[in-house]
Amino acid sequence: MRQRGKLEYGGRATPQRTCVGCRVRAAGSELLRLVLVEDHVVPDLRRRLAGRGASLHPSVRCLELAERRRAFPRAFRVPGPLDVSRVRAHLEEENHDMSCRTPS
Ligand SMILES: [Zn+2]
């Protein structure tokens with residue numbers, strides 16, 4: 001069996017997800033689940049929304065990394081561009097460490 005994708009759990013029970021921003025793997029529960037609603041990436045806080053999801057550390061820095069590498073269109077398999085303002089607003093509410101930039 002090749003060591004790829006979902007088969008890298010290493011025997012641990014917790015499913016691992018990869019953050020689309022920094023590409024670091026973490027337990028799914030540590031990452032924010034994002035889903036696509038039309039052209040908007042929105043946080044799926046209750047993990048209830050159907051459809052393809054992407055995982056992101058709940059950090060503005062990872063969101064910016066993901067935007068820079070255009071990870072969202074790739075994760076959702078759409079041509080993009082996608083609106084991430086709702087994710088950004090959510091993250092800026094949660095952590096204020098990176099909040100010194102004005103929205104464009
Ligand atoms: Zn990350």
Side-chain angles (χ1 to χ4, degrees):
M1 197 69 76
R2 271 191 225 156
Q3 296 275 307
R4 287 206 67 156
K6 294 177 179 172
L7 296 170
E8 289 179 10
Y9 294 178
R12 277 194 278 161
T14 324
Q16 299 273 298
R17 299 264 154 78
T18 303
C19 170
V20 293
C22 63
R23 311 293 297 172
V24 169
R25 294 167 73 78
S29 54
E30 288 175 31
L31 298 172
L32 183 66
R33 181 174 140 86
L34 303 174
V35 294
L36 192 62
V37 177
E38 291 168 8
D39 281 342
H40 298 256
V41 182
V42 299
D44 181 9
L45 299 178
R46 299 188 182 173
R47 297 167 184 272
R48 277 210 196 137
L49 298 175
R52 190 180 293 282
S55 298
L56 185 80
H57 283 114
S59 131
V60 173
R61 210 161 64 112
C62 286
L63 175 65
E64 287 176 350
L65 276 171
E67 280 188 286
R68 212 170 303 153
R69 64 201 327 168
R70 288 182 224 164
F72 290 118
R74 223 180 309 149
F76 293 112
R77 315 241 169 139
V78 294
L82 299 173
D83 182 344
V84 298
S85 56
R86 284 175 65 179
V87 181
R88 180 179 290 276
H90 170 73
L91 295 177
E92 283 177 352
E93 241 168 71
E94 298 266 303
N95 18 185
H96 299 277
D97 55 334
M98 299 286 289
S99 57
C100 48
R101 105 189 2 228
T102 44
S104 48

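Counting starts at 1 for both ligands and their atoms, in listed order.
- Closest heavy-atom contact between Leu56 and Ala66: CD1-CB, 4.2 Å.
- Around the Zn ion (ligand 1), protein N, O or S atoms at less than 2.8 Å comprise Cys19 SG, Cys22 SG, His57 ND1, Cys62 SG.
- Crowding of Arg69 atom CZ: a count of heavy atoms from other residues, nucleotides or ligands under 6.0 Å exceeding 12.
- Panel note: side chain Asp39, backbone Leu82; no donor-acceptor pair is recorded below 3.5 Å.
- Under the 4.5 Å side-chain heavy-atom criterion for Ile, Leu, Val, Met, Phe, Trp and Tyr, Val78 and Val35 are members of distinct hydrophobic clusters.
- Ionic pairing of Glu67 and Arg88 is present here: one or more N-O contacts between side-chain nitrogen and carboxylate oxygen are shorter than 4.0 angstrom.
- Counting only N and O atoms by type, the side chains of Arg25 and Thr18 include a donor and acceptor under 3.5 Å apart.
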